[in-house]
Colleague: 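Supplied in structure tokens, the structure appears directly below.
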Amino acid sequence: MDSKLFGLAQTEWRWLIAIYLFLAGVGGGAHITGVVADFLGWSKVADIGVCLGWPCVLIGCMCLLGDLGQIKNAWRVTRKPDTSWIARGTIVISIFMIIGFVHTVLWVWPGSMAGTNDTARHFLGALGAFFAFGTMVYTGLLLGDAIPIPFWSTVLLPILFFVSALSTGIMAVVLVGVTFGVDQERLLALGRVDILLIVVEGLVLAAYLHGSYRIPNSRMSAEHLLRGEAAGMFWVGVGVCGLLIPLVFDALGVHGVGAVAASILGLIGGLCLRYVVLAGGAMYPMSAAGFEFRPIGRPKEPMPAIGKLPPS
Amino acid sequence: MARYGMVIDLKRCYGCYACMLACKVANHTPPNVFWSRILKGESGTFPNVVRQALPVLCFHCENPGCVKVCPTKATYANEDGVVVIDKNVCVGCKYCLMGCPYGARYTVKEWKSYFPEGLPLSELEEFQKNAWEEKSGCGVATKCDFCTSRRKEGKEPACVAACPANARIFGDLDDPNSEASLRIERDRGFVLKPEQGTNPKVYYLAPR
């Protein structure tokens, strides 16, 4: 643990929650991509996007359930939507998954209504896209509502997660699209949209870190990402894998194996982004009468074993 | 109805960790869980440096951040103003650990031994584990409850009783004549992180 963040950083939400935030974003992004493609009449891209959306979110929810301490009480979460973003988010995500599932069953597979009723499909798709939007933004609002952690409680975080979610959603569609032999022109068009999203994501990320750095209470968190312990994952995982390589590959218009590689790296970058944001989450120290108080010792780490075990 | 609170006189506290241990003994908390703990602070530059201890616990805020984020209302303020957790309702989502500005909340997956891995729990540890699981439980959020069980017996919280310097005063903040209220009034008690708007019921008196 970074000496500066020691005892202040949150240690409870780690990979499982990062995967959950990431997959909720990918699922929502893929669904929106699919619905937009449907309006454009690109039926194959539309099918892939809609089919990819809700299962991704479902896997993410499994990770969230795996992180809960008392899974037998999980059903209680949906009963009090006025309380917390977890409660509201659970409802939004559940509605999204149900709409996505119905959409898939009716129009993709087994597709009993395929080829008929365009208006109903477009309507359900748009409704699903609305809840997909909610799912993507919610991941940022969830962290943003933790007011004691200044690195998270900013307006830019939901925006950052939304843009990253759209971008990774498109990458997931491209990844599956290449495997299923979607028309190259359309994949390249998706790539061109992704260029724009990656540039916007980079700008929002820069603004987010700049803002965090400027605020004294969250400066330690920004330093943790920029040159602290999470710097490797931030610069290599988020910067190079998630932003630079997909940007270059999309700009060059590579297809086939190149597009697959760029998409996989971009998805890894999206996951790394969620993880470093979680890892940087820390409270600021308490201060009183000119002192800044910090914990001493290592209260949340395992105790070292003293000596050897006696023979049993 | 009472509105329980505490005053901690930093002038008297010399950071002996008696409260931290007394809390462990009274509440059978597992390793690495400290409902009551001590933080250390430094001020000044060498050679004129002063160190100060800061005992912290759950501040039982009037406007608690943990209650605001709880998705199941498992945590709430009871009629005494003490913030408690219903372990049968808590899902263990750990959102309240992020919602508390003071890091007062803990959660553990299991009651692990204090000793190297592979050793069976000692008799005392078995007892502590059972007592912990009955009162707080694994997988759910846990924190200080101003020693509910001791208060039922008419005793003060364990950290207050253990303090050798009498730095802690426990009392009813609604009663203007209680010692706690008088000390807050007279010695200008302050709270930590007031900018968070949580309005804690644990007050501090300035060290010098």
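All figures in this text were calculated on a predicted structure; none of them were measured in a lab. Here is how names work: the chains are called A, B, and so on, in the same order as the sequence lines, proteins then strands, and each is numbered from 1.
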Colleague: Should the heavy atoms of other residues, nucleotides or ligands under 6.0 Å from NZ of B/K135 be counted, would the total exceed 12?
Modeller: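 Atom NZ in B/K135 is crowded, with more than 12 foreign heavy atoms closer than 6.0 Å.
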Colleague: Does any heavy atom of chain A fall under 4.5 Å from the side chain of B/A53, the backbone, both, or neither of them?
Modeller: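 Only the backbone of B/A53 comes within 4.5 Å of chain A.
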Colleague: Step through the shown structure and confirm whether more than 12 heavy atoms of other residues, nucleotides or ligands are within 6.0 Å of CD on B/E179.
Modeller: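 Open: at most 12 neighbouring heavy atoms sit under 6.0 Å from CD of B/E179.
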Colleague: Which atom pair, heavy atoms only, marks the closest approach of A/F291 to B/E42?
Modeller: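 Minimum heavy-atom separation between A/F291 and B/E42: CD2-C, 3.7 Å.
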Colleague: With chain B, which of A/L64, A/D67, A/T78, A/T90 has the greatest number of heavy-atom pairs at distances under 4.5 Å?
Modeller: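 Maximum pair count with chain B is reached by A/D67.
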Colleague: Identify the two heavy atoms, one from B/S43 and one from A/G290, that lie closest to each other, and give their separation to 0.1 Å.
Modeller: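 For B/S43 versus A/G290, the nearest heavy atoms are CB-O, 3.5 Å.
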Colleague: Please report the closest heavy-atom contact between B/V140 and A/Q70, naming both atoms and the distance.
Modeller: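 For B/V140 versus A/Q70, the nearest heavy atoms are CG1-CG, 3.2 Å.
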Colleague: Which pair of heavy atoms, one from A/A289 and one from B/P207, lies closest together, and at what distance?
Modeller: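 For A/A289 and B/P207, the tightest heavy-atom pair comes out as CB-CD, 3.6 Å.
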Colleague: Against chain A, label B/K109 side chain, backbone, both or neither, depending on which of its atoms sit under 4.5 Å from a heavy atom there.
Modeller: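 Answer is neither: B/K109 stays 4.5 Å or more from chain A.
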Colleague: Should A/N73 and B/T72 count as side-chain neighbours, where that means a heavy-atom distance under 4.5 Å?
Modeller: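 Heavy-atom side-chain distance check fails, nothing below 4.5 Å.
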Colleague: Applying the side-chain contact (heavy atoms from CB on, under 4.5 Å) criterion to B/V91, which one of A/I71, A/V77, A/L65 satisfies it?
Modeller: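 Option passing the side-chain contact (heavy atoms from CB on, under 4.5 Å) with B/V91: A/V77.
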Colleague: Is any side-chain heavy atom of B/Q52 closer than 4.5 Å to one of A/F293?
Modeller: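 In contact.
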Colleague: Name the option with the most non-hydrogen atom pairs under 4.5 Å to chain A; the candidates are B/C90, B/A206, B/A141.
Modeller: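 Option with the greatest count: B/C90.
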Colleague: On a heavy-atom basis, which atom in A/P148 and which in B/G99 lie closest, and how many Å separate them?
Modeller: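 Residues A/P148 and B/G99, closest heavy atoms: CG-O, 3.1 Å.
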Colleague: Would you find more than 12 non-hydrogen atoms of other residues, nucleotides or ligands less than 6.0 Å from B/F127 atom CZ?
Modeller: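 At most 12 heavy atoms, drawn from other residues, nucleotides or ligands, come within 6.0 Å of this atom.
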Colleague: I'd like to check A/Q10 versus B/L97 (side-chain heavy atoms, cut-off strictly below 4.5 Å). Are they in contact?
Modeller: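 A/Q10 does not reach B/L97 side chain to side chain.
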Colleague: For B/C100, is it the side chain, the backbone, both, or neither that has a heavy atom closer than 4.5 Å to a heavy atom of chain A?
Modeller: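 Only the backbone of B/C100 comes within 4.5 Å of chain A.
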Colleague: Taking C-beta and beyond as the side chain, do B/M98 and A/E12 meet within less than 4.5 Å on heavy atoms?
Modeller: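 In contact.
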Colleague: Tell me the closest heavy-atom pair linking B/L192 and A/S287, and the distance in Å.
Modeller: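 For B/L192 and A/S287, the tightest heavy-atom pair comes out as CD2-O, 3.9 Å.
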Colleague: Under 4.5 Å heavy-atom distance to chain A, tell me which part of B/V56 shows up: side chain, backbone, both or neither.
Modeller: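 Contact with chain A: side chain only.
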Colleague: When rounded to the nearest 0.5 angstrom, what is the spacing between NZ in A/K72 and CG in B/N88?
Modeller: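 Result: 6.0 Å between the selected atoms.
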Colleague: Which of residues 132-145 of chain A have a heavy atom under 4.5 Å from any heavy atom of chain B?
Modeller: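 Against chain B, the residues of residues 132-145 of chain A that fall inside the cut-off (heavy atoms, under 4.5 Å) are A/L141, A/L142, A/D145.
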Colleague: Is the backbone of B/C93 close enough, under 3.5 Å, to the side chain of A/W13 for a donor and an acceptor to pair up by distance?
Modeller: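 Present.
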Colleague: Starting at CD1 of A/I147, measure out to CD of B/E195 and round the result to the nearest 0.5 Å.
Modeller: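 Reported value, rounded in 0.5 Å steps: 12.0 Å.
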Colleague: Does any heavy atom of chain A fall under 4.5 Å from the side chain of B/Y102, the backbone, both, or neither of them?
Modeller: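 The answer is both parts of B/Y102.
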Colleague: Contact part of A/P81 toward chain B, heavy-atom cut-off under 4.5 Å: side chain, backbone, both or neither?
Modeller: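 No part of A/P81 comes within 4.5 Å of chain B.
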Colleague: Among B/G92, B/G197, B/P71, B/G44, which residue has the highest count of heavy-atom pairs closer than 4.5 Å to chain A?
Modeller: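 With the most close heavy-atom pairs to chain A, the winner is B/P71.
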Colleague: Answer yes or no: are there more than 12 heavy-atom neighbours, outside B/K112 itself, under 6.0 Å from its atom NZ?
Modeller: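 Count not over threshold, so no.
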